[in-house]
Amino acid sequence: MIHAFSMHGVNLALDVNSGAVHVLDDVGFQVLQCYSQEGKPVHEKLEKLKEILPEQVILEAMDEIQTLIGEGSLFSADPYEDYLPQWSKKTVVKALCLHIAHDCNLRCKYCFAGTGEYLGERSLMSLEVGKKAIDFLIENSGNRRNLEVDFFGGEPLMNFDVVKEIVHYARSREKDSGKRFRFTLTTNVLLLDKEKRDFINEHMHNVVLSIDGRKEINDAMRKRVDGTGCYDRILPLAKTMVEERGHENYYVRGTFTRHNLDFGEDVLHLADEGFEQISVEPVVASADSGLDIREEDIPRACAEYERLAKAYVERRGSGRWFNFFHFMLDLEGGPCIAKRLRGCGSGTEYLAVTPEGDLYPCHQFVGQTRFRLGSVFEGLNGNPVREEFYQANVYEKPECRTCWAKFYCSGGCAANSWKFNQDIKKPYKVGCELEKKRIECALWIKSQEFAAAEGE
Amino acid sequence: MKHIKTINGKTLNRDIKEAGCGECQTSCQSACKTSCTVANQKCEKK
C-alpha cells in the first residue's frame, strides 16, 4: 500500500509498510499513480499516459519505480501481522493519570470533564489515595524501571499540597522499589505562584500550560466562574514559568473549536509571544455543544493545517523556530512498530485514578462505570472490558486495517471511538481526517527540510 | 534517480525482531490529552 499526495506543489509518496518516503517530479507522480490507483489495469493506464507524456520519460519513471519496488520501498508487503501474538502479550501498568482535583476554577465551555467534576461530585484526591496509587503503580509495573505519573484534573493546583506530598512519597519509594518516577502536571495556570512554579520546576519532567491562543479566542472559551476571561492573568504567568524552566520540557496547549477554524493564527500568536513548544488540538465535544468540528468543517480545518505548515517552515528557516506538537514526526528514530500497532496504551499500561481511587482506562473514560477497572485499594477487578483494550490494535479495527495512516496514528483515540461510535474499535471519523492531514503536513515539512539540507 | 528522490528509507521494518520492549513513554503524557499521537514519540532505546 502507498499513499501519494501533493501539497504546496510537492508530490510525495509514503510506502505504508516500510515507512519509506519519496518526493517525485510530475512525471514520476503521474506514472506512480498508474500503479497505485484502482480501476483499469496498470498497462492500460500507462498507455493512456502516453497521450500526454513522451514514452521515453514514462519508461524512465517506470524503471525507477520498479527499482524501488525491488528494494522494498514502494508497494512493500506487510510483515507485521505474524508478530501480533508476540506483541499482544499482557503488559504491565507503567503510567497513571492522577485526578488530583475533580474541581476547577475555570468554566471552559468545551471541557470534556464537565468543568471539573466529570460525571460525579466535585472532590479532591486525599493523600491516602495518592499514596495508594503510587503503591499500586509500583506493584503492577513488573520489571519496568521508569514509571510515569501525570497530575491532572480538573485543576491540580487546587490541591497542590497533596501533589507535593505524593511526589515526596514516590521519591521516598524509588530506592526500595528500584523504580524511577517521571512526573508531569497539566494546569490552567491561574494559581501558578512562585512557590508552585519552583516546586514544579524542581520535580516535574514536563508541564502542560493551557492557553488557547489569541485573547479573544481564549477568553471566549476559558472563563472564570464569574464569566470573565483568563488570558490577561495566565499569559504573563505562563511566560514566567517557561522562562524559569529554561524554555525546556513544557507545552503550551490550546484547544480549537469550529468557531476558530483559523486556529493557525492561535498557534502563530503563541509563537509570537515567545513560546516554542506549542500544541493546539481540535476539541472533542458532542454534537449538541455547538463547538464540535463537523464533517463539513474538515476541508477548512485541513486547509488551515496546510497554511500553518507553510508558516511553520518559513519561520523555522528564518530564525523564529517553534515546535508544533502535531507536526512532529520522527521518521528515523520514532517508536517501534509494536508501539505503532497498539497506540497509546490506555486501559492496559496507562490508567487514570479518580479522587476516590477508582481506576479507569484513561482520563476520558472516568465516571463511565462500565469502564471501571478496580481501585487503588482493591486492585484491578478483572473487568472483561480491559481485554477489549488489549485487543484494540490497528489490525482489529476494520477502518484502520486498510488506512495508510495506521502506523502514525496507531488507530486513534479509544475514548473518542467510544464517545462517537460506542465501539473502541471504530475510529472517530472527523479525528481521522484531521490526523491524516497533520501527517501529510509533517511529511511535507520533512521534504522541505530535506531540500534545505541538500541546498546547504 | 531522475524522477524520484527518497527522503526517508525503510525505517519501520528495520527493528522488527527487537520491537515491543515496552520501555517507551505513554503517549498521552506530554501535551496530548485529547487526541492520540504516537508517531512523534521517541524510542527509549535510541
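In what follows, chains carry the letters A, B, and so on, assigned in the order in which the sequence lines appear, proteins first and then strands, with residues in each chain numbered from 1. What's counted below: heavy atoms across the whole structure, side chains too, no hydrogens, waters or symmetry copies.
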Seminar exercise, completed: Rounding to 0.5 Å, atoms CG (L12(B)) and CG (L14(A)) come to a distance of 8.0 Å
Exercise. Contact part of V16(A) toward chain B, heavy-atom cut-off under 4.5 Å: side chain, backbone, both or neither?
Worked result: backbone
Exercise. Any side-chain heavy atom of M1(B) sitting closer than 4.5 Å to one from T67(A)?
Worked result: yes
Exercise. Under a 4.5 Å cut-off applied to non-hydrogen side-chain atoms, are H3(B) and L24(A) in contact?
Worked result: no
Seminar exercise, completed: Of the listed F407(A), F29(A), Y80(A), the one with the largest count of heavy-atom pairs under 4.5 Å with chain B is Y80(A)
For this session: Side chain from CB out, backbone as N, CA, C, O: work out which of these in S447(A) comes under 4.5 Å of a heavy atom of chain B, or both, or neither.
Result: both
Exercise. Which residue out of T91(A), L329(A), L331(A), N146(A) racks up the most heavy-atom pairs below 4.5 Å with chain B?
Worked result: L331(A)
Exercise. Counting only heavy atoms not in R145(A), do more than 12 fall under 6.0 Å of its CZ?
Worked result: yes
For this session: Mind listing the closest non-hydrogen atom pair of K2(B) and E60(A) along with its distance?
Result: NZ-OE1, 3.3 Å
Problem set entry | Rounded distance [0.5 Å steps], CG in L68(A) versus CD1 in I4(B) | 5.0 Å
Exercise. Between atom CG of L443(A) and atom CG of N8(B), what is the distance when rounded to the nearest 0.5 Å?
Worked result: 9.0 Å
For this session: Quick one: which of K446(A), H205(A), K94(A), R340(A) has the most heavy-atom pairs under 4.5 Å with chain B, could you say?
Result: K94(A)
For this session: Between chain B and each of A338(A), S73(A), A20(A), count heavy-atom pairs under 4.5 Å; write down the option with the most.
Result: A20(A)
For this session: Salt-bridge test for E64(A) and K5(B): reply yes if a basic N is under 4.0 Å from a carboxylate O, no otherwise.
Result: no
Problem set entry | Under 4.5 Å from a heavy atom of chain B, the part of I65(A) involved | both
Exercise. Looking only at heavy atoms, which two atoms of I337(A) and A19(B) are closest? And how far apart?
Worked result: CG2-CB, 4.0 Å
Problem set entry | Beyond-backbone contact of K17(B) with Q86(A), side-chain heavy atoms, under 4.5 angstrom | no
Problem set entry | Heavy-atom pairs under 4.5 Å with chain B, option from Q277(A), E71(A), E449(A) with the top count | E71(A)
Seminar exercise, completed: Turns out that what part of D15(A) lies under 4.5 Å from chain B's heavy atoms comes down to neither
